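Worth saying up front: this structure is predicted, and the values here are computed from it rather than measured.
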Amino acid sequence: MQEPAITPDLIANHGLKPEEYDLILDIIGRTPSFTELGIFSAMWNEHCSYKSSKKWLRTLPTDGPQVICGPGENAGVVDIGDGQAVVFKMESHNHPSYIEPYQGAATGVGGILRDVFTMGARPIASMNALSFGEPAHPRTKTLVHGVVEGIGGYGNSFGVPCAGGEVRFHPAYNGNCLVNAFAAGLADADKIFYSAASGVGMPVVYLGAKTGRDGVGGATMASAEFDDTIEEKRPTVQVGDPFTEKRLMEACLELMQTGAVISIQDMGAAGLTCSAVEMGDKGGLGIRLTLDAVPQREANMTAYEMMLSESQERMLMVLRPEKEAEAKAVFDKWDLDFAIVGETIAEDRFVIEHGGQIMADLPLSKLSSAAPEYDRPWEPTDLAEPLSDVPQIDPVDGLKALIASPNYAGKQWVFEQYDTMVMADSARTPGIGAGVMRVHGTDKHLAFTSDVTPRYVRANPVEGGKQAVAEAYRNLTATGARPLATTDNLNFGNPEKPEIMGQFVGAIQGIGAACSALDMPIVSGNVSLYNETDGNAILPTPTIGAVGLIDTPEQIIGKDVRDGHLAIMVGAAEGHLGQSALLAEVFNREEGDAPAVDLEAEKRNGDFIRDNAELIRACTDLGDGGLALAAFELAEAAGVGVQIDDGDMAHLFGEDQARYLVACNFDQAEGLMIAAGQAGVPIVSVGRFTGDSVKLGQSDAPLAELSALYRSAFSDTVT
């Protein structure tokens with residue numbers, strides 16, 4: 001087939017700037033072939049190269065005694081003792097999910113699961129963080145249904161429990177929803193598999209499903225803004241098959257026991273191109289591929305299509321040649337393709353053969369580690385004016401406004417579509433706060449959470465970045481878990497705009513400070529830029545996924561609220577209403593500064609909660625909606641009323657940080673008060689859990705009435 005001529009339009013359609021194309025010419029000293037242009041396009045886009053973010057990502061803390069493997073591999077690896085490790089990562093599938101909601105979300109789940117089992121870990125938990133446009137927007141209901149069904153359809157069929165997540169709505173996501181997928185797995189700490197190739201002349205083996213034309217150019221599409229040509233991008237969305245992925249996982253984990261695997265990499269963004277280049281580059285080797293050997297499900301596929309296809313459920317491996325027969329037998333047993341498609345070479349080359357012709361011959365290192373890196377101009381975000389007076393509102397009316405909003409209503413409609421109990425190790429399922437999973441066959445448990453408050457980040461990127469980490473820290477702490485490490489999913493608009501790049505830089509600075517102060521290093525992550533439609537950017541949304549460890553069942557803090565328990569607030573309250581949920585939902589105002597995050601107070605108060613877990617019957621952190629929403633959520637989950645003594649609006653709905661709400665009996669409260677005095681931790685009794693109503697100051701309403709509103713508002717909005 002005649003390859004098209006390289007023209008300025010073709011270069012632009014591949015997402016390459018003129019100066020980037022000039023750099024390609026300098027590197028190879030000639031005009032690239034069409035296939036070579038596609039390879040450069042795939043490897044140099046934002047999604048694969050991190051060219052706008054690398055400078056700042058390097059500033060994040062990534063080390064610690066608990067870290068076995070930090071960023072740079074398929075997923076991060078953290079020691080949990082007893083020779084075991086937790087392997088986890090979060091990634092975005094934003095653009096595909098907006099174009100084709102079901103498959104976009106489903107393949108996002110599939111991709112993040114592969115990242116985990118590629119490392120030799122069996123997945124034990126998933127989460128998802130979803131951001132949609134305003135409920136009244138004509139696309140929102142379709143997106144919500146498609147995305148939730150896609151996540152459930154893939155995760156449920158694969159057989160991994162959903163541990164939690166978050167769902168938000170805001171007009172800034174009208175043209176660009178966010179679908180951030182998280183997965184975690186367990187592995188033996190001394191049996192982690194990495195992607196760096198080693199040895200010259202080693203077979204490069206293709207594993208899994210056949211290659212088709214779905215997803216061709218997907219990584220490049222994910223690195224571009226949307227406009228009115230969005231429907232033309234539908235063919236760039238992949239199609240997933242969770243049952244094939246389940247077989248692929250079992251085959252890979254079985255294969256890893258044979259000693260056959262030198263290195264292994266899943267085929268995700270940019271498919272065969274990215275997986276081969278990354279394995280070669282990390283090992284300081286070249287790769288030669290013969291595409292005629294690639295298993296194909298469609299006829300007459302070109303080299304360009306095979307190299308850029310993002311067909312799902314595929315892996316690439318460098319194999320010990322003496323183990324070929326044994327390895328092939330494993331994949332034959334699982335009815336999956338196993339094909340030797342190339343070899344490692346000593347030269348720094350990436351050579352692609354097809355139909356007896358050399359379709360690409362490029363310096364491999366220039367495709368990966370030597371990809372362009374930009375120091376984008378950036379402008380610090382102008383901090384908001386101080387918040388002007390907020391009108392008084394009846395406290396229960398304020399609470400009703402929050403729980404009637406799909407942002408703060410119960411999310412049962414979502415998580416009841418996910419399997420939360422498969423594998424039978426779920427100790428706490430989605431609802432309030434972090435999810436908790438037992439480490440099978442042990443007394444240990446792992447806690448999982450994902451958090452960010454985008455309106456904080458827009459108002460004050462540094463404090464908003466800190467707060468995302470601090471809230472994750474508190475959510476883990478509220479289960480009794482010791483926070484271990486984090487993964488990030490950094491969703492922003494166009495980094496070529498200095499104000500957007502300023503949001504990114506500020507958020508990174510805040511995240512880095514919080515991760516250092518709270519001993520929660522970043523061990524993996526993903527950057528998703530160009531989340532804009534017709535020039536309108538999303539809210540800056542740096543989602544933080546975090547994992548914590550509970551050593552014994554006795555350390556778990558439950559949700560055991562009983563009639564007569566006292567409501568105890570840990571942490572200082574000043575009544576900060578800037579950028580608060582109350583301000584947004586009741587008054588339609590997003591004004592003022594984000595709440596300040598005192599990282600020393602976060603650490604001190606978190607340590608206090610964990611050190612005194614035996615005195616606490618239930619605990620939740622105070623975040624969106626402040627004390628009023630937290631007290632209601634604990635009461636509603638337990639079916640017990642609550643009375644908060646202070647009726648001041650700012651005290652009830654303020655969103656000051658480093659705070660927890662605790663339920664316990666009188667004797668336990670006494671013990672907490674004494675311990676708090678010794679630790680220098682602010683603590684105060686704010687009320688009692690009792691009766692069958694919710695009373696905020698002098699305002700009250702039946703718990704049953706509020707519960708019915710809380711449990712129906714989300715489904716009423718999206719169905």
Where do V116 and P123 come nearest, in terms of heavy atoms and distance? CG1-CG, 4.2 Å

So, the side chain of T486 versus the backbone of M520: is there a donor-acceptor pair under 3.5 Å, distance only? yes

Heavy-atom pair with the smallest gap, counting every atom of A618 and V561: CB-CG2, 3.6 Å

Polar side-chain atom of Q579 near backbone of E591 as donor-acceptor pair, under 3.5 Å: yes

Looking only at heavy atoms, the pair that brings P61 and C515 closest together is CG-CB, 3.6 Å

Using modelled atom types and a 3.5 Å cut-off, is there a donor and acceptor pairing between side-chain atoms of K695 and backbone atoms of S693? no

Tell me whether H651 contacts the main-chain N or O of D648 through its side chain, where contact means a donor paired with an acceptor under 3.5 Å. no

Is there a side-chain contact between F448 and I124, using heavy atoms and a 4.5 Å cut-off? yes

Side-chain touch I550/K444, heavy atoms, less than 4.5 angstrom: no

Any idea how F169 and F132 line up, ring-wise: parallel (<30°), tilted (30 to 60°), or perpendicular (>60°)? tilted

Can you measure from CZ (R482) to CG (D519) and round to the nearest 0.5 angstrom? 8.5 Å

Would you say the side chain of Q417 lies within less than 4.5 Å of the side chain of E149, judging by non-hydrogen atoms? yes

Backbone N or O of V452 within a donor-acceptor pair of the R168 side chain at under 3.5 Å? yes

Look at the rings of H145 and W413 and say which category their plane angle falls in: under 30° parallel, 30 to 60° tilted, over 60° perpendicular. perpendicular

Please lay out, stage by stage, how S450 and N180 fare under the test side chain to side chain contact (heavy atoms under 4.5 Å, CB included). CA-CA 10 Å; S450 67; N180 294 175; over 6 Å; no

SB check D624 R455 (cutoff 4.0 Å): yes

Indicate yes or no: does E602 engage R659 in a salt bridge with an N to O separation below 4.0 Å. no

Carboxylate-amine/guanidinium proximity below 4.0 Å for K466 and E463: yes

With D79, which residues qualify under salt bridge (charged side-chain N to carboxylate O under 4.0 Å, His left out), at least two apart? none

Test item: S712 side-chain N/O and A708 main-chain N/O as donor-acceptor pair under 3.5 Å: yes

Student check: side-chain heavy atoms of E655 and L577 closer than 4.5 Å: no

Compute the ring centroids of Y408 and F714, then answer whether they are less than 6.0 Å apart. no

Evaluate the ring planes of Y173 and H170, with Trp represented by its six-membered ring, and classify them as parallel (under 30°), tilted (30 to 60°) or perpendicular (over 60°). perpendicular

Any donor-acceptor pair under 3.5 Å linking the side chain of S707 with the backbone of E705? no

Step by step, would you call C664 with L672 a side chain to side chain contact (heavy atoms under 4.5 Å, CB included)? CA-CA 9 Å; C664 58; L672 283 175; 3.9 Å; yes

Are the side chain of T453 and the backbone N or O of Y456 linked by a donor-acceptor pair below 3.5 Å? no

Smallest heavy-atom separation, L402 atom then G625 atom, equals CD1-CA, 3.8 Å

Evaluate the side-chain proximity of V686 to L627: yes if any heavy-atom separation is below 4.5 Å, no if none is. yes

For the pair N612 (side chain) and L615 (backbone), establish whether a donor and an acceptor sit closer than 3.5 Å, ignoring hydrogens and angles. no

Determine whether the aromatic ring centres of residues F608 and Y660 are separated by less than 6.0 angstrom. no

Could you walk me through whether D621 and E471 pass the side chain to side chain contact (heavy atoms under 4.5 Å, CB included) test, one step at a time? CA-CA 8 Å; D621 87 300; E471 185 170 354; 3.7 Å; yes

Under a 4.5 Å cut-off applied to non-hydrogen side-chain atoms, are N526 and D488 in contact? no

Test your reading of the model: is there a side-chain donor-acceptor pair from E633 to the backbone of A630, 3.5 Å cut-off? no

Does the distance from a Lys or Arg side-chain N to an Asp or Glu carboxylate O, for E590 and R458, drop under 4.0 Å? yes

In Å, rounded to the nearest 0.5 Å, how long is the span from OG of S715 to CD of Q412? 9.0 Å

Kindly give the heavy-atom pair with the smallest separation between V586 and A401, and that separation in Å. CG2-CB, 3.5 Å

Determine the minimum heavy-atom distance between S426 and P161, stating which atoms define it. OG-CB, 4.0 Å

Decide yes or no on side chain to side chain contact (heavy atoms under 4.5 Å, CB included) for N489 and F182, but give the supporting numbers first. CA-CA 9 Å; N489 203 146; F182 169 100; over 6 Å; no

Measure the shortest side-chain to side-chain distance between L629 and L399 over non-hydrogen atoms and say whether it is less than 4.5 angstrom. yes

Would you say that V642 contacts F632 through its side chain, given a criterion of any heavy-atom pair below 4.5 Å between the two side chains? no

